[in-house]
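See below for the structure under consideration.
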Amino acid sequence: MKLITAVIKPFKLDEVKAALETFGVKGLTVSEASGFGRQKGHTEVYRGAEYKVDLVPKLRIEVLVESEDADDIIDVIVKAARTDKIGDGKVWAVPVDAVVRVRTGETGPDAL
Amino acid sequence: MKLITAVIKPFKLDEVKAALETFGVKGLTVSEASGFGRQKGHTEVYRGAEYKVDLVPKLRIEVLVESEDADDIIDVIVKAARTDKIGDGKVWAVPVDAVVRVRTGETGPDAL
Amino acid sequence: MKLITAVIKPFKLDEVKAALETFGVKGLTVSEASGFGRQKGHTEVYRGAEYKVDLVPKLRIEVLVESEDADDIIDVIVKAARTDKIGDGKVWAVPVDAVVRVRTGETGPDAL
Amino acid sequence: MKIDSGNTAWMLTSTALVLLMTPGLAFFYGGMSRAKSVLNMMMMSFVSIAVAGMIWVGYGYSLAFSEGGGLSSFIGGFGDAGLVGLEKLATADDGTGIPQLVFVAFQATFAIITVALISGAVADRAKFGAWVVFSALWVTVVYLPVAHWVWWSDGEENGKAGWLFDLGALDFAGGTVVHINAGVAALALALVLGKRKGWPRDPMRPHNLPFVLLGAGLLWFGWFGFNAGSALSAGSTAAVAFINTLAATCAAAFAWIVVEKLRDGSSTTLGIASGVVAGLVAITPACAYVTPLGALALGVVAGAVCAFAVGLKYKLGYDDSLDVVGVHMVGGIVGALLIGVLATTSVNDAGADGILAGGGFGLLGKQAVAVGATLAYSFIVTLVLAKLIDLVMGFRISEEDEQAGIDSTAHAETAYDFGAVRTGVGGPAPAPAPEPTTTKVEA
Amino acid sequence: MKIDSGNTAWMLTSTALVLLMTPGLAFFYGGMSRAKSVLNMMMMSFVSIAVAGMIWVGYGYSLAFSEGGGLSSFIGGFGDAGLVGLEKLATADDGTGIPQLVFVAFQATFAIITVALISGAVADRAKFGAWVVFSALWVTVVYLPVAHWVWWSDGEENGKAGWLFDLGALDFAGGTVVHINAGVAALALALVLGKRKGWPRDPMRPHNLPFVLLGAGLLWFGWFGFNAGSALSAGSTAAVAFINTLAATCAAAFAWIVVEKLRDGSSTTLGIASGVVAGLVAITPACAYVTPLGALALGVVAGAVCAFAVGLKYKLGYDDSLDVVGVHMVGGIVGALLIGVLATTSVNDAGADGILAGGGFGLLGKQAVAVGATLAYSFIVTLVLAKLIDLVMGFRISEEDEQAGIDSTAHAETAYDFGAVRTGVGGPAPAPAPEPTTTKVEA
Amino acid sequence: MKIDSGNTAWMLTSTALVLLMTPGLAFFYGGMSRAKSVLNMMMMSFVSIAVAGMIWVGYGYSLAFSEGGGLSSFIGGFGDAGLVGLEKLATADDGTGIPQLVFVAFQATFAIITVALISGAVADRAKFGAWVVFSALWVTVVYLPVAHWVWWSDGEENGKAGWLFDLGALDFAGGTVVHINAGVAALALALVLGKRKGWPRDPMRPHNLPFVLLGAGLLWFGWFGFNAGSALSAGSTAAVAFINTLAATCAAAFAWIVVEKLRDGSSTTLGIASGVVAGLVAITPACAYVTPLGALALGVVAGAVCAFAVGLKYKLGYDDSLDVVGVHMVGGIVGALLIGVLATTSVNDAGADGILAGGGFGLLGKQAVAVGATLAYSFIVTLVLAKLIDLVMGFRISEEDEQAGIDSTAHAETAYDFGAVRTGVGGPAPAPAPEPTTTKVEA
Ligand SMILES: Nc1ncnc2c1ncn2[C@@H]1O[C@H](COP(=O)(O)OP(=O)(O)O)[C@@H](O)[C@H]1O
Ligand SMILES: Nc1ncnc2c1ncn2[C@@H]1O[C@H](COP(=O)(O)OP(=O)(O)O)[C@@H](O)[C@H]1O
Ligand SMILES: Nc1ncnc2c1ncn2[C@@H]1O[C@H](COP(=O)(O)OP(=O)(O)O)[C@@H](O)[C@H]1O
């Protein structure tokens, strides 16, 4: 199994979620984050003061998936999250050794 | 070493933490998240409007552990977090290549 | 590629970020967390009541890096985050199978 | 006549109280908004104070409260424009002995809050500039005439007066002029602007319910100036208005949460806050004409009716975002019509007898005419005005800006920054540039 | 007698000020609660306004402030029920010339806040329905009699009066009737309901300290109406009450944070806010009977004593969640007894001389009787009442609901929603059903 | 003379209103601070109330408003220390018929807010203990003399008076005494304390803009007591002051956001709130001397000038954190000087004629002297005072404490705790000990 993590623009959440559900993903976890990358942040002038803001709000989505679906799901996320503007985010996958569903104790793919 | 991540119901934090401490875990990191799975969310009616709420608040616990303890610790978490109701959460483990304790620079199992 | 996660003291963010930029890291993601470890929390007395506070606020930084840079970057973070006081935090690395840049669809090291 | 320091003291206080209502409203509405649009919501209230306040001094008071020559039944003239020369006058012939300028200031606060009330219907999506233009024009072409119709008279017996005043319709503190007027204008505006993206599918729950209660508390407090201050003196009429304002509000708040409990299973904070406001709205026109027991009854009806009325928008499909129509229009109508039932001259000689006091259906008829006239005039003129503004400058922000949040896109600010991680205004990235760019968000 | 517009103006203002105190209290208490129970806390205050307000109009004023036939020393009658026929009366014989209904409204706000004060003892865990029932019954069987004892007289020399009034105990603005009464009732209620889950082990710190300060600020502001308004006129007595209210509060706030600094190392926001309230409570009964320097002294004592008194609950083991006992009961007793020491007729002929003014121990004795009687009556009756309610309908929510947070379980709401990620009310999942279910949380 | 109940009612109300301004200020400033230092900011306001209030009763009123023997032009004496014997006096000869103690209380609130205003310049970094000492000393050596200069006279024709009073400079409600005085003291204090760590590089944006608006709303409300209350009676002068306060504020708020829109592209919440305060500041000295149209003009100038003035600190490099200098000092100067242009005796016989009313440049000259004297005296004495305190006890917290946040390090509290995850005060770990330690943060 894999854990896919996606850092996306906050307002893209609905679309990404919808796309994942359509694909058949059964669950996911979302948290708030902020980040920077190419989108280096920007300079703001507020009340006469100029300063650099370099962390931009993002959302972080985690989905546990079966290994063979990983590439497709990455694809689905990337398509749904894309705005073609800088700061669209990253998606990555890491290998997972074990997964357990708390309620039932099921493990492995059944637990997803 | 392994990184065990658990997504649990917020009010179970105390019990999970206590169980982990009893087991001998020396540290952990908690953050707020929200998610959905089988517990598909629910429909709410508020002031005459009906809508679907599909993200439910959760907590996300991360614990770094020695590989040989991973299974036991997953077990401990699962037991403590279980309410037998839908939405109890997930626990998963991923392999970790390296761990460092910032204060001392110790690495590997010593750093846990 | 590797995903390096660092749990640090909140006020060290600027220094860690600066050090990573100097090293050449192109992006990172930050989120809020809290945790405990050796720094077991402390007892507070507030308005006559004494209680144990065991979760202390931390920040969680994630950086995707090329495998060969991982050790150096861990080093950079550790140095920048250190205060030599208890509670300085942890840094760990996990293997990453795939990374995609959402905007362009680039994958692998190009996507970092 | 000589200044009466007691009456003047009460009217100065009342004026300050009514002015506080608009910041109170900003919290009532702001708390109900989402976190990404609370500032815009509050700005609409605050800028209404500025705009309506300046207009009032400039020509508003004059058009509403001075003699308008041949058009006097419908609108005043420019005789008192700029308030020139009013500094040393006491209000002439009404026996209250308050300085003319105190009356001017008191009435200014009514014009201010009326336009601010409307803004609740267009949360999250109105161009700020368009709102500013709208508020100025609306005060001029809707508020000033209606206020003149209902409240102006030259004080002489058989003298000139606004046509609704002449008719004998009762509106002690502004049920028609303020609440029905604002409520139906809100409906017109909601229709012109259309629904928020995602409404009614997405949850758009209040982001800060304590703020809603703060707003309700400040409104309640200020409303004693609104209602008891409308006596223009500190005596028995003010006393009646005061206790009735308390009684009706208590009853309406309670009625609303009882409806909720029975219908939905829980009583909510938003419910009790809305009930408070519904009670205040409904008692406003009636407060000096009914007994305290009558006020309790009126409150119960208003609370229960409005608790159902706020659900209408989902059936009829207009996005009156913060329930201006369901609370102010409906509550205002309930109050105005119940005067026809509950009014009694045993409380106030200047009032009239409604059905229960044996006065027959005459008063109810007059009340219905006043309600109908206000509804029709305000709805139509507001609709035309809003459409015009929409054509000329566009009234609604872009879909992208709405989704990102109007606070950051229109005001370059976000309401809160609690985090240890400090981020910027959080709007969409300014531009796909590899190097730092400069977004001007100066203040 | 003729209406005095100046006195009436001040009393209308004071009444509005005192009414604002209860929303202020909602913030003072709400800010001290945890984020998951702030709404319930605030709802308890708001619903107290509704309930006590309706009762007051219905029969409350009558039972407290009318002649009660043979029982007149202990309780009034139903002669003024529904306030029927009071509309055009001025308060008869007291020389203040305010309309009777203004006095009615002023006193209504006292009944309201007294019951609301109690709610601080039962944060996080009282069934909302049970609270509503309790508040109605408590006003009836505790507040109305005690108010009658202390404040009612028929105005004639050698006429009838409440028994504590007769005795000559001094309570200018409600130290016994309001604060001791509410404080000891809070103790009784805390004992009946028991401790919050996790108390005192878990931290249950204020979730929003600025709200605590907001509440303290609004309370302070409104309290000038409470104390100086209790003169029922705008003259020298009101002036003395006003400056003393300011002086004592400043001293108490300062004393509290000095105690903190010396004892704990830091002065806290919660401390200064609590000191403000402790000072206000303690000066309440005394404000028209002591000199400004006396008020300073009284404030210092009250602030320091209460700063220690709030720690008692940990030693004695009752969960008076937001320190109603430590601040209102203890502060009220300090103020009531210090009258016996500090009062002087040089300030107010209607007062009496305490120990320092050479009046001996007589006054102190009477004050002690009034304090003792109020403590005993209120504690016992409240205890019985709460037990009864607990038996009949259950006073406490389930442990599961308490842990999940009473806001979501009792009111189907959460106070705040700041996040970019929008979630629902966040209670425990409605039921283990695979398909979407419908939780009714309508408002 | 006899007490006038109407004037007294208005002055009691005004006093309560002005007192509310300081908690209002706590929100105005607190909302602008960062989340980690909001409590300290608010504490500085609240403790100022306590300190200045006690001083006022002790010796402050006496030094400011009593006869000072040979030094009478510069400072009062100790004749009224402790307010002994003032309880039954009406203010003697001014014809307003208010009790002396009401005047005392009214003036107390001015001293209180003046010192609280200064705290905005030293957000995030002043030792709390040092602030307390500073506030006590500053009231004594700066506020009391300046108030005496401008406002004290013995009431006799050709009698004694403060030297600026004698000169004929006009300051109706405290433009020099309160705003210029506080504004320039803020500058001095900002210079002594130095810049916040990271300023001006790091963003230090308001953490809670609704609180800023709440503060602005409460200030506005209270300011009617400040300005119209300064008439000391409820009559025509109060009426003029009231309407002008409304008119100028509306104009200034609007002018500020227009400047923003033109210069920066968006109108901000912080802008409209600041505009409100700038307008209030500028009209303060002038409110009883200009016409409503004059007030509109004055407001436009004040709003626009201050909108630019708040940017000065970045050019000149002093960290006046929350713009006390840019708003209060600059706004106060604008208002004081524009009196010389706009004043007209057609509004108020007690005023004078400025340039536009044909009075020539004389008045402007006097105004300039008053402004200059206040600027010089306050700046120099404050500078010396702050330096002294810095030498003796240190005025600034450690860099580490500043970075961790002054709320947790100085007050052992954090403002908010919204999370499901409950953490402690969050300061740096108490000590590198392996076992639980006890940080005392009792309250
Ligand atoms: N190397 C990285 N490691 C972790 N997170 C990253 C990294 N690079 C970018 N991110 C995250 O992805 C977000 C978008 O990246 P950015 O480079 O700005 O956009 P784009 O990939 O479109 O150029 C950042 O805000 C950050 O949260
Ligand atoms: N595939 C998944 N990937 C990531 N997180 C998941 C996944 N499935 C479930 N979760 C997380 O676990 C939580 C509980 O899952 P859910 O399916 O509702 O409960 P249960 O496992 O008891 O049926 C979700 O709210 C979500 O945060
Ligand atoms: N085993 C662990 N798994 C996950 N996070 C940990 C673990 N141990 C410590 N942490 C995180 O690191 C932080 C600092 O750890 P701590 O042991 O207090 O400091 P130090 O490493 O300096 O002794 C903790 O607050 C927690 O967030």
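Chain letters run A, B, ... following the sequence lines, proteins first, then strands; residues in each count from 1.
Ring-plane geometry between D/Phe128 and D/His411 is classed as perpendicular, the angle between the planes exceeding 60 degrees on a 0 to 90 degree scale with a lower cut at 30. Relative orientation of the D/Phe65 and D/Tyr61 rings is parallel, given thresholds of 30° and 60° on the angle between their planes. Using the six-membered ring where Trp is involved, D/Phe134 and D/Trp131 have ring planes that are tilted, between 30° and 60° apart.
Here the OH-CG distance, from F/Tyr416 to F/Asp407, works out to 9.0 Å after rounding to the nearest 0.5 Å. We find the CH2-CG distance between D/Trp220 and D/Leu213 to be 11.0 Å, quoted to the nearest 0.5 Å.
Put simply, of F/Asn348, F/Leu17, F/Ile272, F/Thr291, the one with the most heavy-atom pairs under 4.5 Å next to chain D is F/Ile272. Among the candidates F/Gly235, F/Ser5, F/Ala253, F/Ala216, the residue making the largest number of heavy-atom pairs closer than 4.5 Å to chain D is F/Gly235. Of the listed residues F/Phe211, F/Phe224, F/Trp223, the one with more heavy-atom pairs under 4.5 angstrom with chain D than any other is F/Phe224. For the set F/Gly6, F/Ser267, F/Cys250, F/Ser233, the count of heavy-atom pairs under 4.5 angstrom toward chain D peaks at F/Cys250. Counting heavy-atom pairs closer than 4.5 Å to chain D, the top-ranked of the candidates F/Ala295, F/Pro292, F/Gly299, F/Gly217 is F/Pro292. The greatest number of non-hydrogen atom pairs below 4.5 Å with chain F, out of D/Ala52, D/Gly82, D/Gly58, is found for D/Gly82. The choice from D/Leu83, D/Leu39, D/Val102 that makes the most heavy-atom pairs within less than 4.5 Å of chain F is D/Leu39. Residue with the most contacts toward chain F among D/Thr13, D/Leu218, D/Leu20: D/Leu20 (heavy-atom pairs, distance under 4.5 Å). When the candidates F/Pro210, F/Ala9, F/Ala415 are compared by the number of heavy-atom contacts under 4.5 Å with chain D, F/Pro210 comes out ahead. Residue with the most contacts toward chain F among D/Val104, D/Asn208, D/Ile49, D/Asn40: D/Ile49 (heavy-atom pairs, distance under 4.5 Å).
Heavy-atom distances place no part of F/Thr245 under 4.5 Å from chain D, backbone and side chain included. Interface remark: D/Phe27 contributes side-chain atoms only to the contact with chain F (heavy atom separation under 4.5 Å). Proximity to chain F (any heavy atom under 4.5 Å) is shown, for D/Thr15, by both the backbone and the side chain. Proximity to chain F involves both the backbone and the side chain of D/Leu12, based on heavy atoms less than 4.5 angstrom apart. For chain D, the nearby parts of F/Leu214 are the backbone and the side chain; heavy atoms of each come within less than 4.5 Å. For D/Ala26, no part lies near chain F; criterion is any non-hydrogen pair under 4.5 Å.
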- request: Given side chain to side chain contact (heavy atoms under 4.5 Å, CB included), test D/Leu117 with D/Leu25 step by step and report yes or no.
  value: CA-CA 8 Å; D/Leu117 281 172; D/Leu25 184 73; 3.7 Å; yes
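Relative to the six-membered ring of F/Phe308, F/Arg263 meets both conditions, a distance below 6.0 Å and an angle of at most 45° to the axis.
With ring centers used as reference points, D/Phe110 lies 6.0 Å or more from D/Tyr143.
Side chains of D/Thr140 and D/Tyr59: a donor-acceptor N/O pair is present below 3.5 angstrom, by distance only.
The closest donor-acceptor contact from the side chain of F/Ser14 to the backbone of F/Trp10 lies under 3.5 Å.
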